[in-house]
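Structure record follows, encoded as structure tokens.
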Protein chains: 2
Amino acid sequence: MESILLKIKRLYPEMGSSERKIADWLTANFQEIIGLSINELATRCGCGEATIVRFSRRLGLSGYQELKLKIAQESANTAQGGVLGVESTDSCYDIFNKRIRDIAVALENTKTVLSPDEIEKAANVIKDARRIVIFGLGNSASIAVDAQHKFLRAGLDAIAYCDNHMQAIAASHLHKGDVAIGVSHSGASIDVVDALKTARETGATTICITNFGESPINEHSDIVLNTRSDETKYTILAMSSRIAQLAIFDAIYTYIVMHSNKAAVRAIKDAETALHSKKYIQN
Amino acid sequence: MESILLKIKRLYPEMGSSERKIADWLTANFQEIIGLSINELATRCGCGEATIVRFSRRLGLSGYQELKLKIAQESANTAQGGVLGVESTDSCYDIFNKRIRDIAVALENTKTVLSPDEIEKAANVIKDARRIVIFGLGNSASIAVDAQHKFLRAGLDAIAYCDNHMQAIAASHLHKGDVAIGVSHSGASIDVVDALKTARETGATTICITNFGESPINEHSDIVLNTRSDETKYTILAMSSRIAQLAIFDAIYTYIVMHSNKAAVRAIKDAETALHSKKYIQN
DNA sequence: AAGATATTTTGAAAATTTTTTTCAAAAATA
DNA sequence: TATTTTTGAAAAAAATTTTCAAAATATCTT
């Protein structure tokens with residue numbers, strides 16, 4: 001949807017001099033309109049009220065009221081400034097707000113480094129895999145578990161291994177047609193990298209999900225899915241990159257459901273109905 | 001800044017029955033107010049116009065006009081796009097892009113229903129807890145595991161139980177000074193609700209993380225942390241609400257680290273250095 | 001427990017403010 | 001100069017806010 005400012009810019013040539021005064025004032029004082037009545041604005045712009053209504057109509061709105069409402073909506077997004085670091089005086093709610101900013105930024109960045117081709121390939125390989133094993137340790141363990149959960153719901157044969165011994169064993173027992181997925185933010189987790197290497201040697205297809213850049217895990221991966229987050233503080237948790245990882249798995253899961261044969265879709269419906277008896281209320 | 005919805009929730013007890021009708025209607029039809037005049041809203045709520053003005057004033061606003069403007073601002077993110085449906089012709093990358101939109105919207109919405117007071121209370125209770133148990137089943141299991149992982153890193157005594165029998169047992173063995181956290185998007189997962197109820201009976205402090213609205217789990221929780229996502233499609237995965245849950249836990253974790261005594265901070269540093277030997281490269 | 005009194009809550013109607021429409025004058029264009 | 005377009009003051013309409021008395025509720029008294 002075209003924004004108000006953009007519309008103003010586009011329609012500017014068609015306006016008369018009085019309407020242009022309104023356009024100019026609004027361009028300079030966008031949000032300020034929210035607190036003004038139509039005649040206050042008319043005074044500021046040096047024009048009549050009727051001209052303001054006409055101006056609003058030109059933008060495709062019903063009148064001044066709607067103009068104000070629309071600008072209120074649009075300025076809500078713009079208003080936020082860009083500070084990141086958590087201060088020791090921050091309330092927990094403050095920290096939450098900063099975190100969700102981080103997440104939004106990381107997701108946008110990931111969009112720029114995630115290859116459309118690679119993720120499409122990954123989704124299809126997983127969809128048709130005989131067996132899927134997912135490796136994640138420590139911080140990435142919950143991502144692996146989450147992915148397992150999703151794939152199981154889609155009727156796939158998936159297991160997450162979050163223990164380095166189990167990973168090594170599982171990797172060595174794979175075959176051609178199987179898929180091994182390694183999750184590691186740094187791409188340098190010894191055990192996960194080794195497990196992926198082993199998996200590849202068995203003939204399995206290997207996929208990694210890791211932060212953008214050179215890393216050991218890429219060398220052992222047939223398909224590389226990159227995230228991108230510029231975390232500097234508390235990087236151990238790599239919170240926002242993990243959200244990006246989750247989003248990638250979610251997209252793959254959704255894709256598989258959409259492209260699956262009836263049986264797999266039924267598996268999802270089955271999973272949902274199975275849950276109903278476990279709820280006090282029926283959603 | 002406290003959101004309108006939060007203010008409504010907080011001031012609800014002080015309202016008379018007519019004002020509550022407005023509060024209820026608004027909670028259910030938040031954005032819809034933008035298109036309504038005061039008497040249209042009065043009709044819908046079954047009350048007089050004056051009551052709506054009084055209601056607005058109670059929220060600290062000058063009147064109905066400002067209420068409408070404020071809601072327009074807050075619903076800006078929600079209003080755009082809404083829930084983006086995934087089409088069967090979408091590429092995996094397309095789906096990813098739609099997903100990250102959903103996530104951004106859910107996070108913004110959660111900001112408006114998450115009570116600053118409650119999350120602050122939760123963080124402090126957890127920080128000083130003798131023992132923390134976290135309950136999550138199915139979809140919420142990975143969130144519980146993630147939270148456990150974070151709290152362990154902060155040097156806290158935390159365990160996640162993702163099995164209904166273990167949850168029941170663990171809950172019954174708590175004491176005053178312990179904290180039980182239940183994670184459930186619907187707030188209606190029988191086993192988690194029961195475990196939280198049991199936990200409370202032992203004298204433990206109970207916290208729930210659930211989607212905004214009435215739900216069984218609230219009744220057994222001393223502290224309620226709300227998320228908000230309007231998922232209609234693929235609601236079984238409740239993806240975006242889970243991201244919001246993760247962000248809440250992350251904020252609490254970060255807050256605890258910031259406010260902990262030296263020992264706990266050292267515990268984090270310890271955890272980080274312990275990981276270094278497990279990496280091929282040093283970050 | 002019943003009744004009386006005070007307080008609070010409420011909405012209809014009046015008052016006010018805001019927005020929109022009308023229309024003739026001014027400006028621009030042909 | 002004639003025609004069209006643009007404009008704003010004033011009128012009309014609509015929306016919002018205020019006032020105030022009735023209704024509901026709570027508190028006190030006996």
Side-chain angles (χ1 to χ4, degrees), chain A residues 4 7-75, chain B residues 4 7-75:
Chain A
I4 297 290
K7 266 188 200 155
I8 291 176
K9 206 174 166 188
R10 177 166 57 83
L11 298 168
Y12 197 81
E14 301 172 20
M15 296 175 192
S17 68
S18 268
E19 282 189 48
R20 284 183 183 188
K21 279 194 252 173
I22 304 168
D24 293 338
W25 189 93
L26 265 182
T27 305
N29 313 75
F30 195 58
Q31 303 159 251
E32 226 164 289
I33 194 183
I34 295 167
L36 304 178
S37 71
I38 194 170
N39 72 72
E40 286 173 316
L41 180 62
T43 308
R44 266 156 231 251
C45 295
C47 69
E49 288 126 355
T51 306
I52 290 175
V53 174
R54 268 190 297 266
F55 174 87
S56 306
R57 299 262 162 82
R58 191 191 290 281
L59 302 182
L61 309 170
S62 69
Y64 180 65
Q65 284 218 63
E66 203 185 341
L67 175 68
K68 232 161 73 166
L69 248 10
K70 277 277 189 301
I71 288 179
Q73 291 185 309
E74 287 187 15
S75 68
Chain B
I4 298 291
K7 269 189 198 152
I8 291 175
K9 204 176 167 187
R10 176 166 58 81
L11 298 168
Y12 198 81
E14 300 171 22
M15 296 175 192
S17 68
S18 268
E19 282 190 49
R20 283 182 183 190
K21 279 193 251 173
I22 304 168
D24 292 339
W25 190 92
L26 266 182
T27 304
N29 313 75
F30 196 59
Q31 306 156 247
E32 226 163 290
I33 193 183
I34 295 168
L36 302 178
S37 71
I38 195 169
N39 72 72
E40 285 173 316
L41 180 61
T43 308
R44 266 154 231 252
C45 295
C47 69
E49 287 128 356
T51 306
I52 290 175
V53 174
R54 267 191 297 268
F55 175 86
S56 307
R57 298 262 161 83
R58 191 191 289 283
L59 303 182
L61 309 170
S62 67
Y64 179 66
Q65 285 216 65
E66 203 184 342
L67 176 68
K68 232 163 71 168
L69 246 10
K70 278 276 188 302
I71 288 179
Q73 288 184 307
E74 287 187 15
S75 68

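Residue numbering restarts at 1 for every chain, and letters A, B, ... go by the order of the sequence lines. When reading the values below, keep in mind they use all heavy atoms of this one structure, side chains included, and skip hydrogens, waters and symmetry mates.
Taking side-chain N and O atoms only, Ser17(A) has a distance below 4.0 Å to OP1 or OP2 of dT7(D). Between dT10(C) and Lys21(B), no contact under 4.0 Å exists linking OP1 or OP2 to a side-chain N or O.
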Decide yes or no on side chain to side chain contact (heavy atoms under 4.5 Å, CB included) for Lys68(A) and Gln65(B), but give the supporting numbers first. CA-CA 11 Å; Lys68(A) 232 161 73 166; Gln65(B) 285 216 65; 3.9 Å; yes
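Nearest nucleotide to the Ser18(B) side chain, out of dT10(C), dT17(D), dT21(C): dT10(C). Taking every side-chain heavy atom of Glu19(A) into account, dT7(D) is the closest of dT18(D), dT7(D), dT16(D). Between dT19(C), dT16(D), dT10(C), one nucleotide has an atom nearer to the side chain of Ile38(B) than all others, and that is dT16(D).
When rounded to the nearest whole Å, the span between CG of Leu69(A) and P of dT18(C) equals 16 Å. Counting to the nearest Å, the C1' atom of dT22(C) and the CZ atom of Arg54(A) are 11 Å from each other. For the pair Lys68(B) NZ and dT17(D) C1', the interatomic distance rounds to 14 Å; values are reported in whole Å. Across the protein-nucleic acid pair, Phe55(A) atom CZ and dT6(D) atom P stand 15 Å apart, rounded to whole Å. Summarising the geometry, the separation between CG on Asn39(B) and C1' on dA12(C) is reported as 13 Å, rounded to the nearest angstrom. Atom CZ in Arg57(A) sits roughly 16 Å away from atom P in dT6(D) (whole-Å rounding). The interatomic distance linking Gln65(B) (CD) with dA14(D) (C1') rounds to 12 Å, in whole Å.
Using a 4.0 Å cut-off between a side-chain N of Lys or Arg and a carboxylate O of Asp or Glu, Lys70(A) and Glu74(A) do not qualify as a salt bridge.
Side-chain atoms of Tyr12(B) and Asp24(B) include a donor-acceptor pair closer than 3.5 Å.
Residues of residues 45-52 of chain B that place a heavy atom closer than 4.0 Å to DNA chain C, in numerical order, are Gly46(B), Cys47(B), Gly48(B), Ala50(B), Thr51(B).
Looking at heavy atoms from C-beta onward, Lys7(A) lies in side-chain contact with Arg10(A) at the 4.5 angstrom threshold.
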